[in-house]
Each structure stands twice: as C-alpha cells, then as structure tokens.
Amino acid sequence: MAFHYKDNPAPKTEVLDDGTIVTRTCAWSPPGCHAVGCGIKLFVKDGELVKVEGDPDHQLTQGRLCPRCLALKEAVYHPDRILYPMKRAREDRGKDKWERISWDEATDLIVSETERIREQYGSEAICVYMGTGREAVRYGFTLSSKVLRTPNNCYAQSGWSCMGPRQTAMTMMLGSAYIELDYNGGSLEVWNDPNWKRPDYVFCLGKEPLESNPDGLWGHALIELMKQGSKLIMVDPRLCWLATRADQVLQIIPGTDAALCLAILHVLIDEDLVDHEFVDKWCYGYDELCERVKEYTPEFAAQECGIEADAIRECARKLGYDGGQHHWSLLMGVAVDQNPNGCQVTQCLIAMAAITGNLDVPGGTVVGVQMQFEMTGATDFMSEELKNKCIGWDVYPIVKVLLNTTHPDITLEALETGRPYELKMAWLDSTNLLSPTCSAQPKRWHDALMKMEFTVAKDMFMNPTIMALADVVLPLATWAEHDGIVMTNQGCQMGIAGAINKALQVGECKSDLEMLIHFGNAFYEKAYGEEYPFKTVEEYLVDDLNKMGHSWEELSEKVVASNDIGGYHKHERGLIRPDGQPGFQTTTGRVELWSTGYDSLGDDPLPYYFPPKLLSEERPDLAKEYPLVMTTGRRYFASFHSEHRQIPSLRDLTPEPYLEIHPETAAELGIKDGDEVTIENPWGTAHERAHLTPIMRKDVVSAAHGWWYPEEDGEEPHLFGVWKSNVNSLVPHRVLGKMGFGAPYKQLPVKVYKTPVEECVL
Amino acid sequence: MSNIGLLFNYEWCSGCQSCEIACRNEHGWPLGTWGIKVEDLGPMEMEGGVMEFDHVPIPTSFCDLCEDRVAAGNVPSCALHCLSNIIEWGPVEELAKRLPELGPKTTIFLPKNNL
C-alpha cells in the first residue's frame, strides 16, 4: 500500500494580505458525508471561519464541492449548536432542562456512573450505539472495547442492513473488506491517466452514487467515466436522473434483485460468456453454480422483477466475457443490504464479476484489502467469557465472525426483555436512531432505551434522540475544528488518504478522536489504574499512520495522498492474503462461488432467490389492503440522513419530505402534487408531501427518510416532530435473511391516501 | 474586448445546486437571491418512451462572472465547485468552438454584466 503525493503540493496554510489564514484540509462528517475526504480550503480571520472553498490541488475532487460542505459556515455558527457539555436530571429526560457543565464535571460524572454500573451489573450492561458513515465509526469500536471495556457495540439498523449482507459475501467469497468501482482512484491522475483503461460498462445496482457518495466513493467520478464513454446499466425502481443517461435501465420491483442477478448468471453460463481461464485458476464451485442457476431463466426473473426477459439477456450479453477485450465494473449499494435476500444478491454480483474475468483488472471491479486500523477486532484483548456476552452472537453467529458488534434486532429484544441480561447504560455515539435513519420501529427503541439508568450522547445539535434519552450531552466538533485522517473506504480501497487539518475552535467542542483520547485517559487513570497509550491526538495519529508505514507529519503538510492499495491483480501477487500467498483470503484460497463460509454458518453455500417476504407473492393478505410497494432511503444533495435539516441554505433546497409517486397512481388515489399524504401499513404511519413524477414504477412509491423538524417543539412527546414523517415506523422488527442480515427497508407493503384535513401535520 | 460568457454542458449537470450556494457565498447574498439557478426540464415522458430529464443551470442578472475572483487569478466560483465540472468560461468566440467538442445539451450564456 503506497501513498503518492503531488510533486509540489500547495502549502498546508497560507496567510493572505489581510491576515486571513487559509488552511487546506479534507472533510468528513460531521457535518456532511461518508469518508469521502473532499478537498477544502478554510478561510479563517481572527479565529472566525469566513469562507469555505473547494481545494483545486486535491487530485480527486479538484475543487468541486457539494452544497453540504459549501454551507459549512451555517452549521459551524448555527445558534442551535451544542457548544458545551450539558447535563440533565434523569427525571427531566424529554424536557429542555439542560444545564451547562464543565468538561471536568462531565468527565467525572461519566466515569463515576459508568463504574457504578459496571460494579453493579457487569461491563456488559454498557452498550455503545453507533450511526453510519460519520467519523465516529473510525473510533467508536475502540471507545466501546478499549475505553469502556464492554463487548457491546450496536449499530441499530435492523438486520445490519447497511453493509451486513454485502460484507458477508465480500468476506466469505473473497476475503476482501470492500469491492469498488474502478475510477483509477489510486493514481494521482485518476481517470485522466493514459495508462489506465476505463470500464466499458458500469453495472450499478441499488445505488445512486451522485447524491449519496456511498461508503466513501466520490460519486461524481462516475460522471467522469461516462464522459469518457463508459456505459451505464442501472438497476433501480426509480428512473432517476442518472438513469436517463444510462445505456440500459432495469426498473425492477424492489427486493427482486436476486432473481435478476441469478438470471444474468444463467445467461452468462448458458451462452458461455465466461472467462474459463480465470474460473479454472481462481474460482471454487463453478460447476455447482452452473447447476444452481439452470432453474433461474430470464423468463422466471422477468416475472418476478416486472421487466422483460429479453432485457435481462441483453444486459447479460453486455457483461459477458469476450476474450478480455472489454471490461465492466460493479457499483452495488445499500439497497442490496436492505433486503432479507441481500446476502445472496451480493453472492451473485461477485460471481458475475468473477466468471466474466472482471475482478481486480483495470476497468473491472477493484478488490479491496483488509482495513488498516482497529475498526474490527478491537475486542481481541478481552476475556473469551466477556467477549461472548456480546448480544446476539449466540442467535446469529455471523455477527461474531464478521463484525464484532451486537446483533441489532436481538439488542432491541434484550433491551425490552432484560434477556439474556439487562442493559443499563447507553452511549449514543453520533447516532440519531429515533429519527427515521437506521432503526426499525423507532418507538420501540425509544421506550426500551428510556429504561437505561444512564445515557451519554455526543453530537453537534440537539436532536430527538438526545432530547428524549440522554442525561449528558457532549459537544462535537465539525471537521473544520480538529485534526484527523480520512481514507476512501477506511483505506481498504483505492482512493485518497487525507489529512483533516484543524483550522478553528468553536466553544468547547471536541472531535470523536479527541473524546476517545480524553475518555481513554480518564477511564484508565481514574477507573483502571493504568496508563492509556496516547496522551494527545497527535500521538494517536502518528501511531495510526506509522502502522500503515506512513507519516502523519507528511500527510498533514501535504494534505492529501493517493492510496494505490497495491494496484490490480493483487491475488496473483499475494497481496490479498495476510500470509503473502497468491489467491484470495478464503478457506480454499479461491473465489468461493460455492461458499464454505455460508455453509459453515448454516446457509445455502450457493445463491438462491426468495420473493420479498412482505409482498404479494408471500403475503397476499397484506397486498389486498396495502397494494403499493414502498422504498425508502433515497438521498438528497441537501442532507446526510437526518443531518442538515436546520441549515437554512440546505433546507431551502429540500424543505419537506417528499413521497415520490407516479402521476397515474396518484390520480387513481385522488392525490395531487403537493398534497399531504399518509403512508400506512400494519406497523406504522408516516406523513409526507406527495411529489408526482413519472420516474416511478406505477406500483412503487419512494418515501424520504431522516426527517425531523428542528424548528418545532423539542420536548416530549413532540420531540421536534420526529414521529410525523417517521418512515422507519413502517419497517417491521426482525424480518431477516437466514443468517440474520438484511431487513426489508426498501420493499414494504403500504397504502397511501390524501391526509384528511383534520389529520394534517405538515 | 471580447464578450466573456459562461458555457454549460448540461448533459452532465446532476442538479446538485452547488453553483447556487457557491455563488451566494462568493457574493455574500442572502437566501432568496441567486446569481445562478438550476432549473429542471422534466422529468417528462415523450414519444417512444423517452424520459426527458435535464437540470439546466442559468445565470441571473446578478451574475458578474465573479469579477473580483477572476481579477485575482481565480476561476468563477460556480465553475470551481461544479461537481460534474460542466462549467467553462471565457470569450464567447472560444466557447463557441467548444460546442461541437462537447456535443448536445451545451449552452452559452452572456451574462448581463459581462466583463
């Protein structure tokens, strides 16, 4: 893994004539995004941020910025921002009775309450809850395991439906931390490198990369590939703007992706569009896969997916092996995970890439290396007894094998029932889980977490989750206010390694990393009588970069490097396996089309399809009353999940939650554009504003997620209006795939009606 | 002196609206004032099932082509920040030569306050 720097990078800081200091840095939420690390110039005069600009010297983003970073100043100096630690009596939860306290008092309170709970109930009574994508994910595992010394770290999304299913197949079939679109991210010249060959096709399933910058991919790299002639095949129930630029669109019924992918495999094998050399040399279980996909004809899939069989054949032929002349690259998104069949969808996608000779070749799909920091494996130092108390490992062993977290659905059940033991303390580490972002059935989570004896939260703004549940809240710094590191897909994929360079201080805010080190020292000194290995952020970052064979000082000075992760064909050169042998990090050392890992965890070793668990084929009873299929979670440029609703420039771009519905469907229901509508199913209701658009299938509606209303009453029971548009209340608890991953967030049976005047809430 | 214009290859405008905020930041204008605005064409279904759906950035009469920035040797703020990198600026004669290179859905605007 080599870092590459520009020969003469612009200086880290520059002082203008009027005394303004311009600092080059790379961004990571909060506020904002996944770990994309876009290049920024921060203009600070007399300690105050006066302007934010894109950094043209950043080799990947080249000065380009999205509205969220351009509006940073509005977030930094927002009047509602939390600037100091605050506490509140437990009986005042839900009331705006926060009292400012010092960091010393907050620290003493947190350490003493944690140790009281540990003493009384055991370390396992403590649980850290993490959100998605923010910088907290880099440090939250260390916080739970090494600082709080609990085995319990929970990502509260039912079925671990962000990464769980994809990670399962990537780990089990390849031994890779992540696979990604090839945009030549490891080169300083990126897509302009004359020695690189762009993908001929990009197969994009369950992802809209432009608005989501998913998992650290800078989404607009795709536009650069398309300008150069890469053709896009888009699989999406919505014909979004990007799809109008595609070569082919497969507008399938949500949740039927596995049928489509199995049928593509069927055609590839049936028409022998297969790279047999790669299969013979590097794959395991090809014959069994051939046998399996026989039954999944394009005609079968067409019926399930609601598209034409010939369109599936046409697609497969574009992706087929043609002697290595052409290559295609895979983009798969969170829609794969938000599906109980998701572990099988990913299995198919990796098989498609493998048997057509498109794994880890230029213009193909880049196979990522293992993560270079302690995001997983952080509990290794714990006793087996304590570690195995992690909630849900006994029910779904896959979480133990893959993620070292609790199982989210089993965590909710444990909170509710006190079995296998009672959880007593929550640390809400950058998660707004009552807003419709991750958890299914947020009201159940609300009631369950209210039982905690002590709850700590950290964030930039007061939000419904903190207002309802927390006893202490800690003020979180933005990325402009601290030092840190941001790497494309946590450094396991080609892309950038960026320095987050501190340019200003606001209030008494601390970053995730500062708080890790702060509480590390506090707990080690006051509770454990030991010495925490790091005294300062700088010590930590020096150590972090040294472990990768690089220097924090150099990265911070030069601001951004390109990280090549070892280039292409890594399996041929022993760069995937920790033992340095050629091949993949699997039991057989090959790409496991027949998965020994799935087999050992009790699932079918080969991919299979089942119809969406809640839709008409499986639940005709529900379909009668709830005839439409709702998908949720589409992204906007103006927000990152539940963030940004209080930022004026951004709220102006997307002022309300919109339910996208086809005009003909709306007409049948008597719904006009702009009407407030109620979305309802047996599990819950949500109110959104109807947006009539022909981009939807007539049988599918798309609901906005993440909504709460910071301008409204924050106290219980209103909680900033968090229950008004709470689409996650329509997602049932624990409707999962066999291994315990994948929940039906994007395939819910609903009915939609114009909200009667007396029930309007928007 | 030539007229300086702005070119938009809106075939690739993804509608992020960064140009709107970047412009406002640069000029210190309040919310509700635009130097450039992204307007939508469609989505609308046309003959043969074609879905026409474009985002089209349009400078307003407030656009001064970032006179101060340009004088200091920088590019206009909208052009710098555009996520799809579809904005070019320069003498309209030069921009006109770019049209056939960039292909359909390319426009040139001559802002009211052109330099």
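Naming: A, B, ... by sequence-line order, numbering from 1 per chain.
Ionic pairing of B:E67 and B:R69 is not present here: no N-O contact between side-chain nitrogen and carboxylate oxygen is shorter than 4.0 angstrom.
Among the candidates A:V52, A:L653, A:L242, A:I695, the residue making the largest number of heavy-atom pairs closer than 4.5 Å to chain B is A:L653. Most heavy-atom pairs under 4.5 Å with chain B, from the set A:G54, A:A221, A:A638, A:C66: that is A:C66.
Contact annotation for B:L31: only side-chain heavy atoms (C-beta onward) come within less than 4.5 Å of a heavy atom of chain A. Neither the backbone nor the side chain of A:L222 comes within contact range of chain B, judged by heavy atoms closer than 4.5 Å. Contact annotation for B:E52: neither backbone nor side-chain heavy atoms come within less than 4.5 Å of a heavy atom of chain A. Proximity to chain B (any heavy atom under 4.5 Å) is restricted, for A:L210, to the side chain, taken from C-beta onward. Contacts of B:N9 with chain A are absent, with no heavy-atom separation under 4.5 Å from either backbone or side chain. Contacts between A:K73 and chain B at a heavy-atom distance below 4.5 Å are absent for every atom of the residue. Heavy atoms of B:C82 lying under 4.5 Å from chain A belong exclusively to its backbone. Looking at A:E211, neither its backbone nor its side chain comes within 4.5 Å of chain B, counting heavy atoms on both sides. When heavy atoms are compared at a cutoff of 4.5 Å, A:S649 approaches chain B by way of both its backbone and its side chain. Neither the backbone nor the side chain of B:C78 comes within contact range of chain A, judged by heavy atoms closer than 4.5 Å.
In this pair, A:H220 and A:F637 present their aromatic rings tilted. The plane angle is within the 30 to 60° band.
In plain terms, the two heavy atoms of A:E308 and A:A302 that are nearest each other are C-CB, 3.9 Å.
Only one option out of A:I21, A:V22, A:T20 pairs with A:K45 in a side chain to side chain contact (heavy atoms under 4.5 Å, CB included); it is A:T20.
With B:W34 as the aromatic partner, B:R24 meets the cation-pi criteria of under 6.0 angstrom to the ring centre and within 45 degrees of the ring axis.
Of the inter-residue distances, the one linking A:R689 atom CZ with A:E660 atom CD reads 15.0 Å to the nearest 0.5 angstrom.
The closest side-chain heavy-atom distance from A:Q59 to A:V560 is below 4.5 Å.
Side-chain atoms of A:H78 never come within 3.5 Å of backbone atoms of A:E74 as a donor-acceptor pair (strictly under, hydrogens ignored).
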